[in-house]
Trainee: 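Structure in structure tokens, see below.
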Amino acid sequence: MSMRNIHSATVAGIVMIGAIAFCIVFADMIAPNDPLLIDMDARFLPPSAEYPLGTDGFGRCVFSRLIFGSRYSLGIAVAIMSVVTALLVPLASAAAYSGGLADRLFLWTCDVSMALPPIAFVLAIVGVLGDGIPNLVVAGVISYWGWYGRMIRSYARTEAAKSYVIYARTGGASFLGTIGKHILPNIASQLIVLLAVGVGDVVLMVSSFSFLGIGLNADVPEWGAMLNDARGMLMTSPEFALYPGLCVLFTVSAFNLLGEGLRKQLSPYGRGSGHE
């Protein structure tokens with residue numbers, strides 16, 4: 001595929017995600033200050049060379065916290081989607097191909113996951129195990145199990161019903177061989193689009209939980225937590241809410257653009273000029 005045929009939304013998404021990845025990798029070099037350092041003598045300082053976006057109510061560098069916040073917001077989202085992918089792609093594909101009891105049991109687990117809102121799982125797990133990134137990842141995986149499980153299963157089920165898969169099965173192809181050689185490669189493009197958009201969705205979920213004070217410690221420089229800290233200063237210092245809000249918007253938009261561009265590029269009905 002030549003660069004000329006890459007959809008413009010895909011390019012925009014890749015560039016934006018690349019900028020976020022740069023901040024994640026080089027946060028220690030970009031951030032001018034320690035994001036956790038509290039200096040009550042430097043509270044609410046205006047932007048300067050030392051503090052590019054000023055300081056918050058605890059004297060912490062806002063710019064540094066935003067930079068390091070990318071590691072938490074996007075890092076947790078990628079961790080959740082990685083576990084979801086590693087678990088659901090093989091399980092959903094195997095259930096769809098097998099049919100029968102295995103398929104019904106898998107759909108039952110999805111229905112159980114979808115029966116309760118995500119915040120219920122987060123509150124339950126955090127209430128039992130306490131705050132922390134691993135617990136938040138577990139809660140996120142359970143929360144998204146149902147919806148993504150059903151979507152992946154539907155892709156695999158549609159592919160498994162095609163004649164070439166049936167011929168391979170009746171011809172003696174093994175269970176794992178059929179899934180690995182025929183089903184997964186042919187639903188890969190759909191999975192890529194689904195999971196790319198999913199990362200942006202999970203970023204929004206993680207920030208929402210942090211905004212509510214759930215899952216992460218109060219001092220963690222995460223964008224949702226920064227929005228929570230800024231609630232009491234909306235009238236006097238609205239910029240403290242604007243900065244992390246823009247970071248969340250930028251990240252979610254980046255993955256949505258990437259997903260939309262890939263959908264148009266990879267769909268057999270949406271291929272065409274990269275400048276649609």
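Note that the structure is a prediction, hence the values are computed from the model and not measured. The analysis underlying the following values was restricted to heavy atoms, covering all of them including side chains, and did not include hydrogens, waters or symmetry mates.
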Trainee: Atom CZ of Phe63 and atom OG of Ser48: how far apart are they, to the nearest 0.5 Å?
Mentor: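 That separation rounds to 12.0 Å.
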Trainee: Can you tell whether the side chains of Asp229 and Arg60 come within less than 4.0 Å, N to carboxylate O?
Mentor: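 So Asp229 pairs with Arg60 through a salt bridge.
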Trainee: Give a yes-or-no answer on whether the side chains of Trp223 and Ser210 include a donor-acceptor pair shorter than 3.5 Å.
Mentor: no
Trainee: Hydrogens and angles aside, do Tyr51 and Asp56 bring a side-chain donor and acceptor to less than 3.5 Å of each other?
Mentor: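 Asp56 and Tyr51 do not have a side-chain donor-acceptor pair below 3.5 Å.
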Trainee: Distance-only, no hydrogens or angles: does the Ser64 side chain make a donor-acceptor pair with backbone N or O of Pro35 under 3.5 Å?
Mentor: no
Trainee: With a 4.5 Å cut-off on side-chain heavy-atom distances among I, L, V, M, F, W and Y, is there a chain of contacts connecting Trp145 to Phe209?
Mentor: yes
Trainee: Please determine whether residues Val202 and Ile214 belong to a single hydrophobic cluster, defined as Ile, Leu, Val, Met, Phe, Trp and Tyr linked transitively by side-chain heavy-atom distances below 4.5 Å.
Mentor: yes
Trainee: Evaluate the side-chain contact (heavy atoms from CB on, under 4.5 Å) criterion for residues Leu258 and Val199: first the C-alpha distance (whole Å), next the side-chain angles of each, then the deciding distance (0.1 Å), finally the verdict.
Mentor: CA-CA 11 Å; Leu258 177 62; Val199 173; over 6 Å; no
Trainee: Where is the tightest heavy-atom contact between Met205 and Gly140, given as atom of each residue plus distance?
Mentor: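 Answer, listing the atom of Met205 first, then Gly140: CE-CA, 4.1 Å.
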Trainee: Any donor and acceptor pair, going by atom type alone, linking the side chain of Ser113 with main-chain N or O of Thr109 inside 3.5 Å?
Mentor: no
Trainee: Using the side-chain contact (heavy atoms from CB on, under 4.5 Å) rule, take Phe255 and Asp201 through it: C-alpha gap first, then chi angles, then the decisive distance, then the call.
Mentor: CA-CA 9 Å; Phe255 282 96; Asp201 186 35; over 6 Å; no
Trainee: Group every Ile, Leu, Val, Met, Phe, Trp and Tyr by side-chain heavy-atom contacts under 4.5 Å, then state whether Val83 and Leu216 land in the same group.
Mentor: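 Yes.
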Trainee: Does Ile125 reach the side chain of Ile142, with side-chain heavy atoms less than 4.5 Å apart?
Mentor: yes
Trainee: I need the minimum non-hydrogen distance between Val197 and Gly259, along with the two atoms involved.
Mentor: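 Shortest heavy-atom contact: CG2-CA, 3.7 Å.
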Trainee: Calculate, to the nearest 0.5 Å, the distance between atoms CG and CG belonging to Leu176 and Leu184 respectively.
Mentor: 10.0 Å
Trainee: I want to check something: taking the side chain as every heavy atom from C-beta on, are Asp103 and Arg153 in contact at a cut-off of under 4.5 Å?
Mentor: yes
Trainee: Looking only at non-hydrogen atoms, find the nearest pair between Met233 and Phe44 and report the distance.
Mentor: SD-CE2, 3.4 Å
Trainee: For Tyr243, does the six-membered ring have the charged nitrogen or CZ of Arg65 within the cation-pi criterion, i.e. under 6.0 angstrom from the centroid and within 45° of the normal?
Mentor: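 Not flagged: Arg65 not positioned over aromatic ring of Tyr243.
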Trainee: Could you list the donor-acceptor pairs under 3.5 angstrom formed between side-chain atoms of residues 19-30 and any protein atom two or more places apart in sequence or on another chain?
Mentor:
residue: Asp28; atom: OD2; partner: Arg71; partner atom: NH2; Å: 3.3

Trainee: Looking only at atom types and distance, does a side-chain atom of Glu222 sit under 3.5 Å from a main-chain N or O of Ala225, one as donor and one as acceptor?
Mentor: yes
Trainee: Distance from Leu116 atom CG to Leu123 atom CG, nearest 0.5 Å?
Mentor: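 Separation between the atoms: 11.0 Å.
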Trainee: If you apply the rule side-chain contact (heavy atoms from CB on, under 4.5 Å), what do you find for Met81 with Tyr148, and how did you get there?
Mentor: CA-CA 10 Å; Met81 290 308 298; Tyr148 282 97; 4.0 Å; yes
Trainee: Can you tell me how far CZ of Arg104 sits from OG of Ser98, rounded to the nearest 0.5 angstrom?
Mentor: 12.0 Å
Trainee: Can you name the closest pair of heavy atoms from Tyr164 and Glu159 and give their distance?
Mentor: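 Nearest heavy atoms, Tyr164 then Glu159: OH-OE2, 2.6 Å.
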Trainee: Rounded to the nearest 0.5 Å, what separates atom CG in Leu88 from atom CZ in Arg150?
Mentor: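 It is 12.5 Å, given to the nearest 0.5 Å.
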Trainee: Quick one: are Ser207 and Ser73 in side-chain contact, heavy atoms under 4.5 Å?
Mentor: yes
Trainee: Do Asn228 and Leu212 come close enough that some side-chain heavy atom pair is under 4.5 Å?
Mentor: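 They are not in side-chain contact.
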Trainee: Hey, could you give me the CZ/CG distance between Arg263 and Leu194, rounded to the nearest 0.5 Å?
Mentor: 13.0 Å
Trainee: Heavy atoms only: give me the nearest Ser93-Ile179 pair and the separation to one decimal.
Mentor: CB-CG2, 4.0 Å
Trainee: Same cluster or not: Leu87 versus Phe106, using hydrophobic residues (I, L, V, M, F, W, Y) connected whenever any side-chain heavy atoms lie under 4.5 Å apart?
Mentor: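 Same hydrophobic cluster.
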Trainee: Measure the shortest side-chain to side-chain distance between Asp39 and Phe58 over non-hydrogen atoms and say whether it is less than 4.5 angstrom.
Mentor: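 Heavy-atom side-chain distance check fails, nothing below 4.5 Å.
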Trainee: Tell me, with the steps shown, if Thr10 and Leu257 meet side-chain contact (heavy atoms from CB on, under 4.5 Å).
Mentor: CA-CA 6 Å; Thr10 305; Leu257 282 171; over 6 Å; no
Trainee: Is there a side-chain contact between Tyr155 and Met151 (heavy atoms, below 4.5 Å)?
Mentor: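 Counting from C-beta outward, Tyr155 and Met151 do come under 4.5 Å.
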Trainee: Students often mix this up, so state it plainly: with edges at 30° and 60°, are the rings of Tyr97 and Phe175 parallel, tilted or perpendicular?
Mentor: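 If you compare the ring of Tyr97 with that of Phe175, the planes turn out tilted.
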Trainee: Tell me the closest heavy-atom pair linking Gly245 and Leu227, and the distance in Å.
Mentor: N-CD2, 4.0 Å
Trainee: If you group Ile, Leu, Val, Met, Phe, Trp and Tyr by side-chain heavy-atom gaps below 4.5 Å, do Val112 and Val122 land in one group?
Mentor: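 Result: no, two separate clusters.
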Trainee: With the side chain counted from C-beta on, respond yes when Leu45 and Glu50 share a heavy-atom pair under 4.5 Å apart, and no when they do not.
Mentor: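 The answer is no, as the side chains (C-beta and beyond) never meet within the 4.5 Å cut-off.
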Trainee: Can you find a pair of side-chain heavy atoms, one from Ser237 and one from Phe240, that are under 4.5 Å apart?
Mentor: yes
